[in-house]
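One structure is given here, and the rest of the page talks about it.
Numbers restart at 1 for each chain; the letters A, B, ... are given by sequence-line order, proteins then strands.
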2 protein chains.
Amino acid sequence: MAEKVTIADVARAAGVSRQTVSNTLNTPEVVRAETRRRVLDVVEELGYRVNQAARQMRTGRSRLIAARIDPEQDGINGSVGDRFLHGLTETAAREGYRVLLYTADGDDAETAAFDDLLGAYEPDAFVLMATHHGDRRTSWLAERGVPFVTFGRAWSDPAAPHCWVDVDGAAGTEAATRHLLAQGHRRIGFLGWPEGSGVGDDRREGWRRALAEVGLGVTGLHRETEDDVAPGEHAARDLLDRDPGITALVCASDSLALGALHVARAPGPAWLAGGQSHRPVAVVGFDDTPVAKAIGLTSVRQPIAEVASSCLRLLATRLDGGAGAPPEYLLLPPSLVVRASG
Amino acid sequence: MAEKVTIADVARAAGVSRQTVSNTLNTPEVVRAETRRRVLDVVEELGYRVNQAARQMRTGRSRLIAARIDPEQDGINGSVGDRFLHGLTETAAREGYRVLLYTADGDDAETAAFDDLLGAYEPDAFVLMATHHGDRRTSWLAERGVPFVTFGRAWSDPAAPHCWVDVDGAAGTEAATRHLLAQGHRRIGFLGWPEGSGVGDDRREGWRRALAEVGLGVTGLHRETEDDVAPGEHAARDLLDRDPGITALVCASDSLALGALHVARAPGPAWLAGGQSHRPVAVVGFDDTPVAKAIGLTSVRQPIAEVASSCLRLLATRLDGGAGAPPEYLLLPPSLVVRASG
DNA sequence: ATGAAAGCGCTAACAA
DNA sequence: TTGTTAGCGCTTTCAT
């Protein structure tokens, strides 16, 4: 075990008091330049590092940010959460914070985890993902005055008391739809999730908007289903059977898009040809997951790394000084990654 | 902010000393049953939780386990690391630990991160992934007596002083090869990484062994290249061009396998058909990533969740009491997930 | 079986 | 500008 260097060791070696060492580190401007230099030299020489636990006891700040790591997903959609965590950890380190992980299944389990964590490790803040209508987690934290940001807007509250960062999903599906329109497609369907999910409704809206802009309606052109490959395939088949005129499909996720690809065939190289013959239907997914890249699926890409760094920056600002700052809301634009499928 | 409940509050409400509360929580057997009950009731009622920072100052134990989260990968191979982290976090919580994240690029950056972390947050242990020959991280930790486990065996040291958990990669490729042999394939190639990587050599060895068992040699049947899709495609094309008799390919990763699929075509449904005609070559990958599932690639699956829980259990045992226990080495068997590609 | 005292390493408040 | 004092919440002695 590495021998422990305390502030007292530094003070002794530098010939100053412990307080002066502390000041040098935390309020350098209050220490004479010469003294500061001497102290910093000793700090360097001895490899001193402030002990977080001790500092935390005095200041009440742990410099820990808690984030949930999702239970293993289908691996397609899960990748967004993982990329987000990567980004958070990197930005956090730069801002002098560390990310503490926890797991929870459902809102209530998650608020229980908040309670545990706050009682024991006292993270300075939480970062939440996948906000939804009537999110009990945000109200729990807000009621207790615990700082937090969310990746995902406050769906039920346009003037939320907390910061959020989100990606403009509607803009994404709108861009995808326009891209298809520009290619000459006129009957463009949509595969999404059942109404009521903020994210899903938002993505459907972008598609609808793009069609409306060129005077096209949406009746009979969309299907809603569970977010997985098999349901996606089923829904796509149903939609295409009912309306053989459809030549392109915008999907709310890569999972659904992958399912759709099983019944559709994009122009150019044949991607997923089942045993039977297929229609040349273009497909666009959402999230630009590794699977999309692997199979050549055109997909809407969310700037996850930026979302993560924005979340942390908003948090850090408020944590380090600007406690009373009004909440900020950030809506970042996605981009369309065009591949062979559409 | 939640009002803080301290051990003193509990002591007062239960009519005992703070010490008795502490004993009730840490050494229950030393407290009279009746007293214990009373204290626990109050703990429950007040929602008391021991403050980690304070406890850490006394005991020197943080109940924090540090693990690295990889910078964003190609998304194919990265998924193993993410699944591992999921598993760690879940098991850790069950054992009363939390996972603290850090990032680092390269061995030296990682040992620097160790130093930082140990000085500041004092994690009780580290969990390392992707060990390799001459791993500077393990020697750094070992020299300083910091507890750690690795996912990945100690390639350079059969009698390593630390615990490790690994998956028997050779057994995986051997099973894959046997599976292909059982299907009637006789000329089975291998796509792997340049010699010298423990993991890669191990996987190649399993393939070689399976062929040797049935009296087949390996000359001219393998190619080594960088672990990515394009190099995999290139190597596969080269291999198949040189030896048109090859009917199946075992690959050291799903990335390579995906590349191979671009030039091969599995029996059954056609998966990835380029513009040109293709040979019906079976392909098996390694890691069973989401991409493998999505495209119907047969792949060797590592029991990542078990690896993670084993790592943590070994650590927890040594941390909570059995400090002097001799190191344990665990080699877990992988399994073959058969899909359409082979 | 229970309680009192001490101190882990740090920094806010105050004194010099 | 620098040093002294006190105490954050807990657990390890040691005394009762």
Side-chain angles (χ1 to χ4, degrees), chain A residues 1-40 42-43 46-64 96 118-122 124 320-321, chain B residues 1-40 42-43 46-64 96 118-122 124 320-321:
Chain A
M1 209 65 77
E3 24 16 289
K4 208 181 263 189
V5 182
T6 77
I7 203 172
D9 299 323
V10 177
R12 199 174 315 118
V16 297
S17 73
R18 295 178 318 181
Q19 187 49 33
T20 299
V21 177
S22 176
N23 284 337
T24 306
L25 265 24
N26 300 306
T27 352
E29 66 277 12
V30 94
V31 178
R32 192 161 32 129
E34 192 207 336
T35 317
R36 198 192 312 158
R37 271 265 320 191
R38 190 152 33 102
V39 171
L40 288 177
V42 175
V43 163
L46 266 46
Y48 168 76
R49 275 167 175 93
V50 293
N51 179 288
Q52 271 306 324
R55 167 180 277 181
Q56 181 180 344
M57 288 205 67
R58 270 316 274 171
T59 64
R61 316 250 291 92
S62 63
R63 304 206 72 85
L64 245 30
L118 287 170
Y121 292 88
E122 306 184 296
D124 293 336
D320 301 329
Chain B
M1 208 66 75
E3 28 8 295
K4 208 181 263 187
V5 182
T6 78
I7 204 172
D9 299 323
V10 176
R12 198 173 317 117
V16 296
S17 73
R18 295 178 321 181
Q19 186 46 35
T20 298
V21 178
S22 176
N23 284 337
T24 306
L25 265 23
N26 301 306
T27 353
E29 65 278 11
V30 96
V31 178
R32 191 159 33 125
E34 191 207 335
T35 317
R36 197 190 315 157
R37 270 266 317 192
R38 190 150 35 98
V39 171
L40 289 177
V42 175
V43 164
L46 266 46
Y48 168 76
R49 277 169 173 92
V50 294
N51 178 289
Q52 273 305 323
R55 168 181 276 182
Q56 180 181 345
M57 287 204 68
R58 274 314 278 170
T59 63
R61 316 252 291 92
S62 63
R63 303 205 73 86
L64 244 29
L118 287 170
Y121 292 90
E122 306 184 297
D124 293 337
D320 301 329

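Within the model, atoms CZ of Arg18(B) and OG1 of Thr20(B) stand 11.0 Å from one another, a figure rounded to the nearest 0.5 Å. Interatomic distance, CG of Asn23(B) versus CZ of Arg32(B), reported as 13.5 Å (0.5 Å rounding).
Thr35(A) has no side-chain polar atom (N or O) that falls below the 4.0 Å cut-off from OP1 or OP2 of dT1(D).
Tyr121(B) has its side chain out of reach of Asn51(A): every pair of non-hydrogen atoms, C-beta onward, lies at least 4.5 Å apart. Counting heavy atoms from C-beta outward, Asp124(A) and Leu64(A) have side chains that stay 4.5 Å or more apart.
Of the residues in residues 21-34 of chain B, Ser22(B), Asn26(B) come within less than 4.0 Å of DNA chain D through at least one heavy atom, sorted by number. Taking every heavy atom of residues 52-63 of chain A and every atom of DNA chain C, pairs under 4.0 Å involve Ala54(A), Arg55(A), Met57(A), Arg58(A), Thr59(A), by number. Residues of residues 8-19 of chain B that place a heavy atom closer than 4.0 Å to DNA chain D, in numerical order, are Arg18(B), Gln19(B).
Evaluation of the side chain to side chain contact (heavy atoms under 4.5 Å, CB included) rule for Arg58(A) yields no partner, not counting sequence neighbours. For Ala120(B), the side chain to side chain contact (heavy atoms under 4.5 Å, CB included) partners are Gln52(A), not counting sequence neighbours. Every side chain to side chain contact (heavy atoms under 4.5 Å, CB included) that Arg36(A) has, sequence neighbours left out, goes to Thr24(A), Pro28(A), Val31(A), Ala33(A), Leu40(A). Partners of Asn26(A) according to the side chain to side chain contact (heavy atoms under 4.5 Å, CB included) rule, which considers only residues two or more places apart in sequence or in another chain, are Ser22(A), Arg55(A). In terms of the salt bridge (Lys or Arg N to Asp or Glu O under 4.0 Å) criterion, Arg38(B) has no residue partners (sequence neighbours excluded). For Glu29(B), the salt bridge (Lys or Arg N to Asp or Glu O under 4.0 Å) criterion is met by no residue, not counting sequence neighbours.
For Tyr48(A) against Ile7(A), the heavy-atom pair with the smallest separation is CE1-N, 3.5 Å. Closest of all the heavy-atom pairs between Gly96(A) and Arg63(A) is O-NE, 2.8 Å. When all heavy atoms of Ala13(A) and Leu46(A) are compared, the pair lying nearest together is CB-CD2, 4.4 Å. Ala14(B) approaches Val42(B) most closely through the heavy-atom pair CB-CG2, 3.8 Å.
Across the helix from dA1(C)-dT16(D) to dA16(C)-dT1(D), the helix axis at one end is tilted relative to the axis at the other end by 40° (nearest 10 degrees, each axis from five pairs).
Protein chain A contacts DNA chain C from dG9(C) to dA13(C), reading 5' to 3' and using non-hydrogen atoms of the protein with a distance under 4.0 Å.
Ion pairing between Asp320(A) and Arg61(A) holds under the 4.0 Å rule for side-chain N and carboxylate O.
The closest donor-acceptor contact from the side chain of Thr27(B) to the backbone of Val30(B) lies at 3.5 Å or more, if one exists at all. Looking at Ser62(A), its side chain does come within 3.5 Å of a backbone N or O of Glu122(A) through a donor-acceptor pair.
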Could you pull out the protein-nucleic contacts involving nucleotides 14-16 of chain D (nitrogen or oxygen on both sides, under 3.5 Å)?
none

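In this structure, Asn51(A) places its CG atom 17 Å from P of dG9(D), rounding to the nearest Å.
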